[in-house]
Amino acid sequence: MASTELALDMYALPCGDDGTSALSTPVVISVLASLLERHIARNERDLAGRREAPTTDGEAARRARAFDSGTVLDISLRGFLERFSRYANVSPQVYVVAYSYLERLRRGDAGVRVVAASAQRLLTVAILVASKFVEDRNYKNSYFAAVGGLSAAELSSLELDFLFLMQFRLNVSVSVFQTYCRHLEREVSYGGGYQVERCLKKALVSSGKAQAQQRQAAAAAAQ
């Protein structure tokens with residue numbers, strides 16, 4: 001099995017704080033939330049250090065400002081990301097692609113960065129667009145909007161702004177996807193390593209027990 005497949009299997013593993021796996025958060029959500037929280041804290045410090053807001057104008061800047069709603073999430077970032085997995089069946093691959101889109105926007109001409117006031121809109125749209133790119137079947141925009149706490153009209157308008165900021169370049173090559181997988185793997189060392197290791201051990205133990213039971217059943221049937 002390829003290393004990328006192993007990485008995705010790891011990110012799909014659920015693991016709660018009590019070590020249980022049923023109905024818990026996939027590891028990719030915990031890892032991505034931790035990474036984004038640090039990005040947001042750094043971006044907020046950068047904004048606070050500026051004496052005045054930048055006056056950059058133009059279409060890209062206007063579209064970027066559309067995400068600055070001024071509404072700060074009233075739940076944790078992890079909890080917000082988890083909603084899309086729980087209610088919209090968003091796969092681990094979608095979260096990786098959505099993160100790659102956010103990084104492209106950060107490096108783009110408009111310099112779109114995730115801050116507390118833009119997280120809700122940016123993350124909802126990034127996950128929506130990534131889901132449409134990755135998955136064969138998707139929920140309607142109105143459903144994604146409800147999951148993200150936005151109106152359907154608002155989400156559709158923001159999706160258009162997002163696509164123009166991305167210059168409609170949504171393709172993520174296998175090599176780029178692998179790069180972001182490795183980047184998220186490195187993030188584990190900043191605090192999620194124990195949880196991931198524990199989940200992997202639980203998965204291996206469960207797998208070993210299942211294989212032993214299968215061997216015992218096969219041996220019994222052969223007698």
Side-chain angles (χ1 to χ4, degrees), residues 1-42 73 75-106 114 119-139 144 147-149 162 170-207:
M1 183 180 294
S3 60
T4 303
E5 293 174 331
L6 288 172
L8 287 176
D9 287 344
M10 178 187 75
Y11 292 141
L13 283 172
C15 186
D17 293 336
D18 58 355
T20 60
S21 60
L23 300 178
S24 298
T25 305
V27 172
V28 66
I29 293 178
S30 300
V31 174
L32 185 57
S34 174
L35 181 65
L36 289 173
E37 283 171 353
R38 290 208 311 278
H39 283 190
I40 290 174
R42 183 174 63 247
L73 289 170
I75 61 175
S76 68
L77 200 57
R78 170 177 165 171
F80 182 71
L81 292 174
E82 185 180 8
R83 286 179 57 83
F84 294 94
S85 173
R86 179 179 299 176
Y87 299 116
N89 299 318
V90 168
S91 66
Q93 293 91 329
V94 170
Y95 287 100
V96 177
V97 172
Y99 175 56
S100 74
Y101 289 167
L102 294 175
E103 283 295 286
R104 287 187 193 178
L105 291 182
R106 181 181 65 82
V114 184
Q120 179 185 18
R121 289 183 167 188
L122 270 175
L123 293 176
T124 300
V125 177
I127 292 172
L128 168 69
V129 174
S131 182
K132 289 182 177 181
F133 176 77
V134 172
E135 307 290 0
D136 294 327
R137 300 179 63 182
N138 284 281
Y139 289 98
F144 259 96
V147 174
F162 188 92
L170 303 179
N171 184 58
V172 177
S173 66
V174 173
S175 61
V176 170
F177 184 83
Q178 291 174 337
T179 297
Y180 281 101
C181 282
R182 288 192 293 269
H183 184 64
L184 289 173
E185 286 173 356
R186 289 194 297 271
E187 171 64 17
V188 171
S189 65
Y190 285 96
Y194 172 72
Q195 183 182 36
V196 172
E197 183 181 4
R198 183 174 57 185
C199 289
L200 287 173
K201 285 182 177 179
K202 284 179 64 63
L204 289 173
V205 170
S206 298
S207 177

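One-based numbering along the sequence shown. On a predicted model such as this, the values are computed, not experimentally measured, just so you know.
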* Structure fact -> Rounded to the nearest 0.5 Å, the CG atom of L32 sits from the OH atom of Y180 at a distance of 12.0 Å
* To do: List the atom of T124, the atom of G148, and the distance in Å for their closest heavy-atom pair.
  => OG1-CA, 3.7 Å
* From CG (L81) to CZ (R86), nearest 0.5 Å -> 12.5 Å
* Asked: Should the ring pair F144 and F84 be called parallel, tilted or perpendicular, given that the plane angle runs from 0 to 90° and is split at 30 and 60?
  -> parallel
* Does a side-chain heavy-atom distance below 4.5 Å link L123 with L77? -> yes
* To do: Output yes when a side-chain donor or acceptor of S34 lies under 3.5 Å from a complementary backbone atom of S30, and no otherwise.
  => no
* Shortest non-hydrogen contact from A119 toward L73 -> CB-CD1, 4.4 Å
* Asked: Would you call V172 and R104 a side-chain contact if the rule is heavy atoms closer than 4.5 Å?
  -> yes
* Asked: Does any N or O in the side chain of Y101 come within less than 3.5 Å of the main-chain N or O of F162, such that one atom is a donor and the other an acceptor?
  -> no
* Structure fact -> Here the pair of heavy atoms bringing A126 nearest to A98 is O-CB, 3.7 Å
* Between atom CD1 of I29 and atom CZ of R83, what is the distance when rounded to the nearest 0.5 Å? -> 12.0 Å
* **Side-chain donor/acceptor of Q120 to backbone N/O of G149, under 3.5 Å** => yes
* Mind checking whether F133 and V94 have side chains closer than 4.5 Å, heavy atoms only? -> no
* To do: For residues G79 and I75, report the shortest heavy-atom separation together with the two atoms involved.
  => C-CD1, 3.8 Å
* Would you say the side chain of T179 lies within less than 4.5 Å of the side chain of R182, judging by non-hydrogen atoms? -> yes
* To do: Verify, without hydrogens or angle tests, whether S131 (side chain) and I127 (backbone) share a donor-acceptor contact under 3.5 angstrom.
  => no
* Mutual orientation of the aromatic rings belonging to Y99 and H183 [parallel < 30°, tilted 30-60°, perpendicular > 60°] -> parallel
* Least distance between heavy atoms, L184 atom then V28 atom -> CD1-CG2, 4.4 Å
* In terms of side-chain geometry, is the basic nitrogen of R106 or E103 positioned less than 4.0 Å from the acidic oxygen of its partner? -> yes
